[in-house]
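In the text below, chain A, chain B and the rest are named by the order of the sequence lines, each starting its count at 1. Keep in mind it's a predicted model, so treat the numbers as computed, not measured.
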Amino acid sequence: MPEGHTIHRLARDLAADLLDRPVVASVRQARFADGARRLDGRVLTGTDAHGKHLFLQFDSGDVLYVHLGLIGAFRRHLLPAPEPSPNLRLRLEGDATAWDLTGPMVCELRDPDVVDHVAASLGPDPLRRGADPQRFVDAVRRSRKPIGALLLDQSVIAGIGNVYRAELLHLAGIDPNRPGTSVTEDEARTLWRLAGEQLRLGLKRNRIVTVPLDGRRLTSIRREDSWHVYKQERCRSCGDQVALRPVGNRTSYACATCQPA
DNA sequence: CGATTATGATTAA
DNA sequence: TAATCCTAATCGC
């Protein structure tokens, strides 16, 4: 479930559980055995998130660089933690909790400069203080690529994935296929604002829910009812058929009525 | 129990 | 454009 909100939430939650005390690091897969050995008994000194990239800093000077990719997960367990999955890449165990990492696209011990290197490759991240919206606006309006592809391009805006792409464009009333050059300054600014609002909500809730709650409890909303157009047959705003088609290598969901061409 | 799918991204052809 | 990597939940039989 990793879009930018998930990664920022992990940075926060991992720090809350594991900071400033030695961790117990273990693995089941052989591929990260050396890494776990190096982390075992070290102290987590800080965490950081840039877009979908997660960084854990240790007192050894090592930075654990994690990217969850499509199927990666970092799951929290109360101690005593259950038997881990055979696919466990890394378990970080603190005083009261264990965090199990499975299926990450990237899990590496790196020098601290990896943070700046990765950050330099990314567009502005709406969840980071000091992010420059104009960088996003200009990158969009300079490109002929469809806005639906630009929102997934991490060098244009960091942290947006396929759910937020569909939902932000729907909230903004913008057709995913419109070229960036046709997006007005106002529209681009609106997309940035909505991205910040929705990512912050997602961070707070640890879940993507873009539909209005209207007084309902979050827990009463089923997953499949959480969005306006993403994975919907009909638009949750107007009831019209949702059009599916690939934009920028991923399935794009849009309502032709709410998001006219 | 096998097939399918997924909120990601890079590399090869 | 296609193939590839990585895991787990879900669905149909």
If we take the [atom1] atom in both [N] and [M], what is their distance in whole Å?
N: C:dC6; M: B:dA12; atom1: P; value: 15 Å
N: C:dA8; M: B:dT10; atom1: C1'; value: 23 Å
N: B:dA9; M: C:dA9; atom1: P; value: 22 Å
N: C:dC5; M: B:dA13; atom1: P; value: 13 Å

Spacing between [X] atom [atom1] and [N] atom [atom2], to the nearest angstrom:
X: A:F32; N: C:dC6; atom1: CZ; atom2: P; answer: 15 Å
X: A:N206; N: B:dT7; atom1: CG; atom2: C1'; answer: 13 Å
X: A:L152; N: B:dA6; atom1: CG; atom2: P; answer: 14 Å
X: A:N249; N: C:dT4; atom1: CG; atom2: C1'; answer: 13 Å
X: A:Q232; N: B:dT7; atom1: CD; atom2: P; answer: 13 Å
X: A:Q198; N: B:dT7; atom1: CD; atom2: P; answer: 18 Å
X: A:H5; N: B:dG8; atom1: NE2; atom2: P; answer: 10 Å
X: A:H67; N: B:dT7; atom1: NE2; atom2: P; answer: 14 Å

Considering only heavy side-chain atoms of A:I71, the closest of B:dA9, B:dT7, C:dT7 is C:dT7
Listed nucleotide nearest any side-chain atom of A:T102, set C:dA8, B:dA9, B:dT7: C:dA8
Indicate whether OP1 or OP2 belonging to [N] is found under 4.0 Å from a side-chain N or O atom of [X].
X: A:N87; N: C:dA8; answer: yes
X: A:Q154; N: B:dA9; answer: yes
X: A:R31; N: C:dC6; answer: yes

Answer yes or no: does atom CZ of A:R245 have more than 12 heavy-atom neighbours from other residues, nucleotides or ligands under 6.0 Å? no
A:R21, CZ atom: more than 12 neighbouring heavy atoms under 6.0 Å: yes
Indicate, with a heavy-atom threshold strictly under 4.0 Å, whether [X] touches base, sugar-phosphate, or nothing.
X: A:R89; answer: sugar-phosphate
X: A:R75; answer: sugar-phosphate
X: A:Q29; answer: sugar-phosphate
X: A:Y164; answer: nothing

Does the structure show a Watson-Crick or G-U wobble partner for B:dT5, both distances under 3.5 Å? Name it, or say none. C:dA8
With A:E93, which of A:V23, A:L79, A:D17, A:D40 fulfils side chain to side chain contact (heavy atoms under 4.5 Å, CB included)? A:L79
Using the closest heavy atom to pick a nucleotide of DNA chain B for each, name whichever of A:M105 or A:K231 lands nearer the 5' end. A:K231
Looking at side-chain heavy atoms only, is the closest gap between A:V229 and A:Q259 below 4.5 Å? yes
Would you kindly say whether A:R75 and A:T102 are connected by a side-chain donor-acceptor distance under 3.5 Å? yes
Among A:R193, A:R178, A:R141, which residue meets the salt bridge (Lys or Arg N to Asp or Glu O under 4.0 Å) test with A:E187? A:R178
